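Notes for the one structure printed next.
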Amino acid sequence: MPDSDDLPKHLGAVAPERLSGTPLEVAAKLLNLVLASGETSGRIVEVEAYDGANDQASHAFRGRTERTASMFGPPGLLYVYFTYGMHYCANVVCRPEGVAGAVLIRALEPLTGLELMRARRGREEPAYRICAGPAKLCQALAISQVDDGTDLLADGKVRLLDDGVPPPKNPEKRPRIGLSARVESARALTWNLSVKGHRSVTGAKVRTG
DNA sequence: GGGGGGATTCGG
DNA sequence: CGAATCCCCCCG
């Protein structure tokens, strides 16, 4: 006999297959999923792959440290790091446990909790810009260091959901953003993936009027 | 123990 | 274009 209380719980669950593969493969499959934190949420429209030990630009390139520990965890963990003395950025961990790999969430299309997100950001800006940037979306969703290591597939504060919108078949592919000149070879890779033409994507042309 | 640099953002 | 602002990690 089915328990009707179980139904909503399974609706919106992310298929484990969506998190399996290389960071680049997982990045493509994360597009159009929903990242939620409490009552606030948004659709993932821009991501970047970081391939651990194989990737000069990855925080885990030189092996495991205390800061990057969660990147070595099982697929579906949240890896949050602090940077520039003031910003947090959120990643979805992939690769099997013990092997580092992650996908940075760079931009969301806001879905719910718009006014709460605006209040947290503390500034006036159009809805489509509130979560346009990896640190901006963390501020809007109140994601910080305390959320590092969270299981995004579990029923907690921060979670990853599937509302049925499939990933784009031909995502936009660009070089990753913000990498220094020291990692020159890594900068050639087009591991920044986004929903083509979406206005919440970082660096997308701002249309006025 | 010191110092350089950072997967950013905003304002000038 | 550069300041803000602090933590991490490599090196000595």
Side-chain angles (χ1 to χ4, degrees), chain A residues 22-28 30-31 35 42 44-73 77-95 99-108 110 117-150 152 158 171-194 199-206 208:
Chain A
T22 66
L24 182 59
E25 290 166 348
V26 173
L30 287 181
L31 289 174
L35 182 67
I44 298 172
V45 296
E46 182 188 353
V47 294
E48 273 175 10
Y50 286 88
D51 197 10
N54 311 312
D55 179 5
Q56 242 186 137
S58 170
H59 291 162
F61 180 62
R62 289 182 168 79
R64 181 184 186 129
T65 67
E66 193 170 334
R67 177 206 201 194
T68 62
S70 54
M71 234 201 291
F72 291 78
L77 288 198
L78 179 67
Y79 165 53
V80 178
Y81 67 87
F82 181 68
T83 191
Y84 291 102
M86 64 189 94
H87 298 303
Y88 296 100
C89 295
N91 300 251
V92 178
V93 170
C94 55
R95 293 268 197 212
V99 183
V103 178
L104 173 69
I105 310 299
R106 285 199 61 93
L108 305 176
M117 291 196 285
R118 231 195 281 271
R120 286 168 176 162
R121 289 274 304 141
R123 68 181 57 242
E124 298 293 327
E125 56 191 342
Y128 74 93
R129 299 231 117 226
I130 294 176
C131 297
K136 293 174 71 176
L137 70 91
C138 280
Q139 189 180 18
L141 270 62
I143 293 171
S144 72
Q145 200 62 51
V146 301
D147 301 302
D148 180 54
T150 296
L152 291 169
V158 189
E172 180 80 27
K173 298 182 180 182
R174 297 183 297 166
R176 291 175 289 181
I177 295 172
L179 304 192
S180 83
R182 343 182 36 204
V183 293
E184 189 169 346
S185 62
R187 293 205 296 176
L189 306 169
T190 55
W191 284 5
N192 173 297
L193 304 190
S194 59
R199 61 184 182 168
S200 292
V201 170
T202 308
K205 273 201 172 172
V206 182
T208 57

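None of these values were measured; they are calculated from a predicted model. In what follows, every chain begins at residue 1, and chains take the letters A, B, ... in the order their sequences are listed. Computed from heavy atoms alone, side chains included, the values below leave out hydrogens, waters and symmetry copies.
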Pairing stems for DNA chain C [at least three consecutive pairs; Watson-Crick or G-U; under 3.5 angstrom]: B:1-6 with C:6-11, B:8-11 with C:1-4
Nucleotide-resolved protein contact map, nucleotides 4-12 of chain C, B/S/- at heavy-atom distance under 4.0 Å: BBBSSSS--
Between dA7(B) (P) and Q56(A) (CD): distance, integer Å: 12 Å
Touch class at under 4.0 angstrom, heavy-atom based, for A57(A) against every strand present: base
Between E46(A) and S200(A): side-chain donor-acceptor atoms closer than 3.5 Å: no
Rounded distance (Å) that lies between atom P of dG5(B) and atom CG of L179(A): 16 Å
Whole-Å distance separating the OH atom of Y50(A) from the P atom of dG6(B): 12 Å
S58(A) vs M71(A), side chain to side chain contact (heavy atoms under 4.5 Å, CB included): CA-CA, chis, key distance, verdict: CA-CA 10 Å; S58(A) 170; M71(A) 234 201 291; 4.1 Å; yes
Rounded distance [0.5 Å steps], SG in C131(A) versus CG in L141(A): 5.5 Å
Sugar-phosphate only, base, or nothing, as touched by R187(A) at under 4.0 Å among non-hydrogen atoms: nothing
Option passing side chain to side chain contact (heavy atoms under 4.5 Å, CB included) with S194(A) (candidates V47(A), T202(A), V45(A), V201(A)): V201(A)
Atom pair CG (L152(A)) and CG (L35(A)), whose distance is rounded to the nearest 0.5 Å: 7.0 Å
Listed nucleotide nearest any side-chain atom of R121(A), set dG6(B), dC10(B), dA7(B): dC10(B)
Nearest-angstrom distance from the residue atom NZ of K136(A) to C1' of dG11(B): 14 Å
L179(A) CG to R182(A) CZ distance, which is reported to the nearest 0.5 Å: 12.0 Å
d(OH, Y81(A); C1', dT9(B)) in whole Å: 13 Å
Between dG5(B) (C1') and H59(A) (NE2): distance, integer Å: 11 Å
Any R106(A) side-chain N or O less than 4.0 Å from OP1/OP2 of dT8(B): yes
Residue list, side-chain hydrogen bond (donor to acceptor under 3.5 Å, both in side chains) with R62(A), at least two apart or on another chain: none
Check: R120(A)/Q139(A) side-chain N/O donor and acceptor closer than 3.5 Å: no
Spacing between N192(A) atom CG and dT8(B) atom P, to the nearest angstrom: 11 Å
Spacing of F61(A) atom CZ relative to dG5(B) atom P, expressed in whole Å: 18 Å
DNA chain B: 5'-proximal contact among G133(A) and S180(A) (nearest heavy atom): S180(A)
Min side-chain heavy-atom separation H59(A)-T68(A) under 4.5 Å: yes
Span that lies between the P atom of dG2(B) and that of dT5(C), in whole angstrom: 23 Å
